[in-house]
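Take a look at the structure below.
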Amino acid sequence: MSKDTIANIITSIRNADMNRKGMVRIPSTNITENIVKILLREGFIKNVRKHRESNKDFWVLTLRHRRNRKGPYKTLLNLKRISGPGLRIYSNYKRIPRILGGMGIVILSTSRGIMTDREARLQGIGGEILCYIW
């Protein structure tokens with residue numbers, strides 16, 4: 001198990017979405033709690049609940065899936081980790097990238113907590129770019 005918790009939860013969500021799993025279980029930390037709240041608020045996941053098992057807390061995420069589609073299955077979530085333990089990527093609020101012209105979101109870690117690119121631009125603060133979601 002690696003020490004990069006953000007990459008672990010992104011990979012877990014991406015793998016569950018690609019395999020058409022309805023639910024995914026990720027470990028509960030302060031960072032994952034904030035990222036899960038953002039995903040729920042932006043509509044990328046359907047439901048979240050906290051589960052406790054043998055003195056460890058987990059988040060159980062219910063994923064959204066496209067239904068009644070003919071043809072090949074396409075994933076609904078596209079997640080990409082940007083800043084990692086080996087290379088940190090920072091941006092001021094004027095240079096925060098726009099994903100798909102504003103259709104996707106950028107999750108940033110700022111001095112005021114973890115937030116989306118829109119919130120950071122409104123508050124006029126930059127930070128470390130954690131991941132892109134579209």
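Heads up: numbering here begins at 1 and tracks the sequence. Fair warning: this is a prediction, and the values are worked out from it, not measured in the lab.
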Minimum side-chain heavy-atom gap Lys3-Pro85 below 4.5 Å: no
Minimum heavy-atom distance between Pro27 and Thr32, given as atom pair plus value: O-OG1, 3.2 Å
Contact check, side chains of Pro97 and Ile129, non-hydrogen atoms, under 4.5 Å: yes
Same cluster (ILVMFWY, side-chain, under 4.5 Å), Tyr90 and Ile82: no
Qualifying side-chain hydrogen bond (donor to acceptor under 3.5 Å, both in side chains) pairs with a residue from residues 92-105, counting only residues at least two apart or across chains: none
Ile133: which of Thr116, Ile105, Val106, Asn78 passes side-chain contact (heavy atoms from CB on, under 4.5 Å): Ile105
Separation between OG1 of Thr62 and CZ of Arg49, rounded to the nearest 0.5 Å: 7.0 Å
Single-linkage hydrophobic cluster, 4.5 Å side-chain cutoff, Ile99 and Met115 together: no
Rounded distance [0.5 Å steps], NZ in Lys21 versus OG in Ser12: 13.0 Å
Spatial distance of atom CD (Glu128) from atom OG (Ser91) [nearest 0.5 Å]: 11.5 Å
Hydrophobic cluster membership, Phe44 vs Leu61, 4.5 Å side-chain cutoff: yes
Closest approach of Arg64 to Gly43 (non-hydrogen atoms, all atoms of both residues): NE-O, 3.0 Å
Cluster check Val48, Leu79: I/L/V/M/F/W/Y, side chain < 4.5 angstrom: yes
Sequence-distant partners of Leu87, side-chain contact (heavy atoms from CB on, under 4.5 Å), two or more places apart: Ile89
Approximate separation, where rounding is to 0.5 Å, of Thr110 OG1 and Ile125 CD1: 3.5 Å
same_hphob_cluster(Ile107, Tyr132) at 4.5 Å side-chain heavy-atom cutoff: no
When the side chains of residues 33-41 are checked against the rest of the protein, which donor-acceptor pairs come out under 3.5 Å, sequence neighbours left out?
{"residue": "Glu33", "atom": "OE2", "partner": "Lys37", "partner atom": "NZ", "Å": "3.3"}
{"residue": "Asn34", "atom": "ND2", "partner": "Asn30", "partner atom": "O", "Å": "3.2"}
{"residue": "Arg41", "atom": "NH2", "partner": "Glu119", "partner atom": "OE2", "Å": "3.0"}

Separation of Asp17 CG from Leu77 CG (nearest 0.5 Å): 5.0 Å
Close side-chain approach of Leu130 and Arg81, heavy atoms under 4.5 Å: yes
Side-chain heavy-atom pair Trp59, Lys50 within 4.5 angstrom cut-off: yes
Arg25 (side chain) donor-acceptor with Phe58 (main chain) under 3.5 angstrom: no
Distance (rounded to the nearest 0.5 Å) between Ile31 CD1 and Ser109 OG: 7.0 Å
Where Leu108 and Gly127 come nearest, the two heavy atoms and their spacing: CD2-O, 3.9 Å
